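Working notes, beginning with the structure itself.
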Amino acid sequence: MMDAPPIVKQPATRDAANMPDYSEMRAGFSWDDARAKISGLGDGHLNIAHEAIDRHVAAGHGEQVALRWIAKSGEITDFTYADLQAQTNRFANVLRARGIGKGERVYSLLGRVPELYIAALGTIKAGAVFCPLFSAFGPEPILSRMEIGSASAVVTSARLYKRKLKGIRDNLPELRDVFLIDAQTDDTVELAALMEAAPETFDTEPMDPEDMALLHFTSGTTGKPKGVVHVHEAVVAHNMTGQIALDLHPGDVYWCTADPGWVTGTSYGIIAPLTNRATMIIDEAEFDVERWYSTLEREEVRVWYTAPTAIRMLMKAGSEAAKAHKFPHLRFMASVGEPLNPEAVVWGNETFGMPFHDNWWQTETGGIMIANYASMDVKPGSMGKPLPGIDAGIVEVTETGARELTEPLAMGELALRPGWPSMMRAYLHEQARYDKCFKDGWYLSGDLAMRDADGYFWFVGRSNDLIKSAGHLIGPFEVESALMEHDAVAEVGVIGVPDETSGEIVKAYVALKPGHEASEDLKLELMGHARKKLGPAVAPKEIAFRANLPKTRSGKIMRRLLKARELGLPEGDISTLESDEQ
Ligand code: ATP
Ligand code: MG
């Protein structure tokens, strides 16, 4: 392992964290206790939307702001818990009236507008299944995802309908209703009019814990996206991990920057904050350095959940931009979705006076599995430790089985013992693929990692991205992090390129910070820097400069695409690719 930056100590005020002591809580934890914190609907029934909204209103918190929406224009609209209750009740009534029943799939194709959140929770309330689609998808990815989930209805806008849905509608015979939030055409339904006519009360559908609630498509980083099934019981994990991994307290102003088109944007952009009675900030606009800092400051955000790509863009803009603002209310910052380079943790600590807390999970796990906690010192570059109730291991997978590797720093596949509430219940229509995820009592994540002697987990790379060079196994993350430490570097993606002598050689694609020019000299300097940090066997042998790296729309570097392009191979499924300049 690369020589790591020093441990970031948590301030003594962390005693006020929901989990003051990791080991103690882990030892005493049971999922039954976590289940008892959910109010449920009697007879073993429950509903995510009840936990997110109705129970808070019943407990007298109806006047608290649940959702503060910042429109692209900057205009602010507040929805209290009582407002959300009324709106989601109306939406659920609309679904009922249109004959959309329990278990049917209701999709959304919307930007981050209030209707998206109302549709999500209203759908779940009515016992139907919610499936969010990212609004920037083109018609093809929309069609394939709606086919896989047999969409009965979709909520969208007139503009998105015309541009992306109208043309594929004939291929979707099961799609009965297209609800438009802002208009009506001959072949669509005007949602606003129906909502207004619908009653404001609704008896939330009592669901079996194992009933399907959400259908989520994976990010497509490694291949064709999979449709992941989550059930109502997942709310037990959303609620618990919101408290423990994000340290959410009732009344906290909370900002999750992820779009609900990805699992982070629903598990932690809708469900966990609401079940924990936070006030959520929703910004309709895309990333912008100044807008983000102003939002953090003006809204007095206390808990902030974002992603490495965004953090790297903030770093690229320089600390001065942050230091022009004050964030006295900010208490906890977390990151997910990609490996968080140690450099970013150190930068966070210098710039905000607290580290970014990296955590790890997947669409399949439904909720955070490994995390850095408010009360636990942070080793920059580590994903932290497994949540209470989660058993994680490093395993060696062979043809015959999976064997746990217990020696510190052994590298293997990151695996989890199944049984937590938000675990996926299926890859929709892909039973064989689902079955392949399990071996010898482990769920295999497809990621490679190590565990150190203190029990901290370290991400190495996707198992497909591992580089085998001259007898060494090299994880791209380690190389990327070393290059990130160089002042000129804004972003890096590392791949293995076939080579006759070494098997593979390490190649790095580098995007530079403003004010730095690509040159042969800089290339040599970066190689020298990497060799010093990593040693000659691991340091990149080739470096190429790029203005931007190919990324998924959820912000993950697509190393498989760097590789396909390098080798002149087909690009495969690129439905989630954000347009990139090559
Ligand atoms: P697909 O499965 O379609 O290829 P994906 O795996 O990127 O796409 P997601 O479920 O959105 O889809 O992402 C989960 C993956 O993201 C993890 O398996 C891991 O590779 C990566 N990831 C998430 N959090 C972290 C983290 N903190 N550190 C390193 N990697 C992370
Ligand atoms: Mg995946």
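Starting from 1, each residue takes its place in the sequence as its number. What you see is a predicted model, and the numbers here were worked out from it, not measured in a lab. First listed ligand is number 1; within each ligand, the first listed atom is number 1.
Screening residues 411-432 for ring-ring contact (aromatic ring centres under 6.0 Å, His included) gives no qualifying pairs among residues at least two apart or on separate chains. Listed by first and then second residue, the ring-ring contact (aromatic ring centres under 6.0 Å, His included) pairs involving residues 212-243 amount to none (not counting sequence neighbours).
At the top of the distance list for atom 12 (O) of ligand 1, counting protein heavy atoms only, stands Ser219 N, 3.2 Å. Scanning the protein for heavy atoms near atom 2 (O) of ligand 1, the closest one is Lys226 NZ, 2.9 Å. Taking atom 7 (O) of ligand 1 as the reference point, the nearest protein heavy-atom neighbour is Thr221 OG1, 2.4 Å. Taking atom 26 (C) of ligand 1 as the reference point, the nearest protein heavy-atom neighbour is Glu338 O, 3.4 Å. Among protein heavy atoms, atom 22 (N) of ligand 1 sits closest to Gly337 O, 3.4 Å.
Taking every non-hydrogen atom of Arg462 and a distance limit under 4.0 Å, the qualifying atoms of ligand 1 come out as 5 (P), 6 (O), 7 (O), 15 (C), 16 (O), 20 (O), 21 (C). Every atom of ligand 1 is numbered from 1 in the order shown, and the set under 4.0 Å from a heavy atom of Val336 is 24 (N). Ligand-side atoms of ligand 1 in range of Pro339: 28 (N), 29 (C), 30 (N), range being under 4.0 angstrom from any heavy atom. Every atom of ligand 1 is numbered from 1 in the order shown, and the set under 4.0 Å from a heavy atom of Asp358 is 26 (C), 27 (N). For ligand 1 and Thr363, the ligand atoms under 4.0 Å from any heavy atom of the residue are 9 (P), 10 (O), 11 (O). Short contacts between ligand 1 and Asn359, defined as distances under 4.0 Å to a heavy atom of the residue, involve ligand atoms 24 (N), 26 (C), 27 (N).
At a 4.0 Å cut-off, at least one heavy atom of Trp361 sits close enough to ligand 1 to count as contact. At least one heavy atom of Gly220 lies less than 4.0 angstrom from ligand 1. Heavy-atom separations between Lys224 and ligand 1 are all 4.0 Å or longer.
Around atom 25 (C) of ligand 1, the closest heavy atom drawn from Trp360, Phe459, Trp262, Phe217 belongs to Trp360. Checking Thr218, Asn372, Thr222, Asp447 against atom 20 (O) of ligand 1, the nearest heavy atom belongs to Asp447. Considering only non-hydrogen atoms, atom 13 (O) of ligand 1 lies nearest to Lys556 out of Met424, Arg560, Lys556, Met558.
Remark: Lys563 engages Glu504 in a salt bridge, criterion side-chain N to carboxylate O under 4.0 Å.
Counted within 6.0 Å of CD on Glu404, heavy atoms from surrounding residues, nucleotides or ligands total more than 12; the atom is thus considered enclosed.
The closest donor-acceptor contact from the side chain of Ser108 to the backbone of Val155 lies at 3.5 Å or more, if one exists at all. For Thr123 (side chain) and Phe130 (main-chain N/O), no donor-acceptor pair under 3.5 Å exists by modelled atom type. Of the possible donor and acceptor atoms, none in the side chain of Asn276 sits under 3.5 Å from a partner among the backbone N and O of Gly242.
Taking the ring axis of Trp442 as reference, the NZ or CZ atom of Arg417 stays within 45° of it and closer than 6.0 Å to the ring centre. Seen from the ring of Phe137, Arg145 counts as a face-on cation partner, given the 6.0 Å and 45° thresholds.
Applying salt bridge (Lys or Arg N to Asp or Glu O under 4.0 Å) to Arg312 and the options Glu480, Glu338, Glu343 leaves one that passes, Glu338.
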_Chi angles and distances behind the side-chain hydrogen bond (donor to acceptor under 3.5 Å, both in side chains) call for Ser219, Thr576_ = CA-CA 7 Å; Ser219 292; Thr576 61; over 6 Å; no
